[in-house]
Amino acid sequence: MSESQPESALTQSRLRRRGIYLLPNLFTTAALFAGFYAIIQAINGNFEHSAIAVFIAIILDGLDGRVARMTHTQTEFGAEYDSISDMVSFGVAPALIMYEWALKETGQLGWIAAFIYCACAALRLARFNANIHVIDKRFFQGLPSPAAAALMAGLVWVMLDFQIAGTDIKWLVLIVTLFAGLTMVSNIPFHSGKDINLKKRVPFVTILLLMLFFFVLIPSHPPLVLFCLFAGYALSGYLIKVWRFGKNRKS
């Protein structure tokens with residue numbers, strides 16, 4: 001009995017460790033499924049469902065990294081798997097959604113723009129993985145792929161909400177697709193938020209504003225609020241670039 005108990009405890013410990021390592025990868029798999037589901041729904045013409053699925057993938061993608069850090073289960077396998085999932089959810093899925101929704105009406109230019117976005121997403125992810133230990137963690141180099149995907153999916157969702165067909169704004173869609181893709185591979189700095197310390201004391205007003213944003217503003221009109229949020233973030237990098245340029249000229 002005394003020998004079997006330690007062996008049983010060791011087996012349970014191994015199973016717990018295996019379960020912990022599996023947990024962040026389950027979130028990554030769920031994000032991958034959301035991206036795949038977005039593609040299927042776009043092919044079937046259910047563009048609102050596909051846009052929402054991209055936003056769900058973004059939430060799940062944010063959770064897998066945090067779960068891995070909380071449980072101290074970051075692995076090279078998890079990082080590579082996460083990049084593959086991101087490529088599907090934030091590279092292939094948004095490009096296909098835009099093509100099926102509007103860009104196919106522009107002919108050859110449409111699929112070229114969709115491919116440029118897809119290729120830029122792949123380059124963005126590869127550059128991020130290669131420079132992860134080199135770059136300033138306070139800023140992303142280029143627009144992050146989840147934010148680019150949110151900009152694309154947000155445009156689809158908000159236009160559908162206002163009952164505007166993609167074919168009616170096909171040239172705007174083409175411009176937004178190229179803007180999102182090329183901004184991903186640019187050197188434009190985007191604030192990462194990683195320098196925010198949640199363990200420090202936060203003013204009550206800040207907490208109140210965050211609660212109002214997440215529990216009042218977003219639920220009031222999710223398509224419009226989310227699109228404006230990510231459109232503003234996509235433009236913020238250019239504002240930072242202009243501010244830095246002006247600061248350097250003065251100095």
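Bear in mind that the values here come from a model prediction, so they are computed numbers and not experimental data.
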- Message: Could you measure the distance from the CG atom of Leu103 to the CD1 atom of Ile112? Nearest 0.5 Å is fine.
- Response: 11.0 Å
- Message: Running the 4.5 Å side-chain criterion over Ile, Leu, Val, Met, Phe, Trp and Tyr, what cluster does Phe115 land in, apart from itself?
- Response: none
- Item | Quiz item: cation-pi between Arg124 and Tyr117, 6.0 Å / 45° | no
Donor-acceptor pairs under 3.5 angstrom involving side-chain atoms of residues 32-59: please list them, not counting sequence neighbours.
{"unit_1": "Gln41", "atom_1": "OE1", "unit_2": "Asn46", "atom_2": "ND2", "d": "2.8"}
{"unit_1": "Asn44", "atom_1": "ND2", "unit_2": "Ile40", "atom_2": "O", "d": "3.3"}
{"unit_1": "Glu48", "atom_1": "OE2", "unit_2": "Trp157", "atom_2": "NE1", "d": "3.4"}
{"unit_1": "Ser50", "atom_1": "OG", "unit_2": "Phe47", "atom_2": "O", "d": "2.7"}

- Item | Distance (rounded to the nearest 0.5 Å) between Leu125 CG and Asp82 CG | 8.5 Å
Distance-only criterion, 3.5 Å: show the donor-acceptor pairs between side-chain atoms of residues 164-177 and protein atoms not counting sequence neighbours.
{"unit_1": "Thr177", "atom_1": "OG1", "unit_2": "Val173", "atom_2": "O", "d": "2.7"}

- Task: First locate atom CZ of Phe140, then atom CZ of Arg127, and finally report the distance between them rounded to the nearest 0.5 Å.
- Result: 12.0 Å
- Query: Are Leu182 and Phe230 connected in a single hydrophobic cluster, I mean Ile/Leu/Val/Met/Phe/Trp/Tyr linked by side-chain heavy atoms less than 4.5 Å apart?
  - Reply: yes
What side-chain donor-acceptor pairs closer than 3.5 Å can you find for residues 208-224, not counting sequence neighbours?
{"unit_1": "Ser220", "atom_1": "OG", "unit_2": "Leu217", "atom_2": "O", "d": "2.4"}
{"unit_1": "His221", "atom_1": "NE2", "unit_2": "Asp161", "atom_2": "OD2", "d": "2.5"}

- Connected via hydrophobic side-chain network under 4.5 Å: Leu22 and Phe77: no
- Of Val88, Asp86, Val92, which meets side chain to side chain contact (heavy atoms under 4.5 Å, CB included) against Phe90? Asp86
- Correct closest heavy-atom pair for Ile240 and Pro189 would be CG2-CG, 3.7 Å
- Note on the structure: To the nearest 0.5 Å, atom CD1 of Ile188 lies from atom CG of Leu235 at 11.0 Å
Please output the side-chain donor-acceptor pairs of residues 142-153 that fall under 3.5 Å, not counting sequence neighbours, one pair per line with the distance.
none

- Donor-acceptor pair, Thr75 side chain versus Gly78 backbone, under 3.5 Å? yes
- Query: Tell me, do Val242 and Tyr238 make a side-chain contact under 4.5 Å, heavy atoms counted?
  - Reply: no
- Query: Measuring from Met184:CE to Leu123:CG, what's the distance to the nearest 0.5 Å?
  - Reply: 9.0 Å
- Message: Tell me the closest heavy-atom pair linking Ala114 and Ala95, and the distance in Å.
- Response: O-CB, 3.4 Å
- Query: Relative to the ring of Phe190, is the ring of Tyr233 parallel (under 30°), tilted (30 to 60°) or perpendicular (over 60°)?
  - Reply: tilted
- Side chains of Asn129 and Ser83, donor plus acceptor under 3.5 Å: yes
- Query: Under a 4.5 Å cut-off applied to non-hydrogen side-chain atoms, are Met87 and Cys118 in contact?
  - Reply: yes
- Message: How long is the straight-line distance from CZ of Arg66 back to CG of Asp61, given to the nearest 0.5 Å?
- Response: 9.5 Å
- Item | Residue pairs fulfilling side-chain hydrogen bond (donor to acceptor under 3.5 Å, both in side chains) with at least one residue in residues 22-32, sequence neighbours excluded | Thr28-Asp64, Thr29-Tyr81
- With hydrophobic residues grouped by side-chain heavy-atom distances under 4.5 Å, do Met159 and Tyr99 end up in a single group? yes
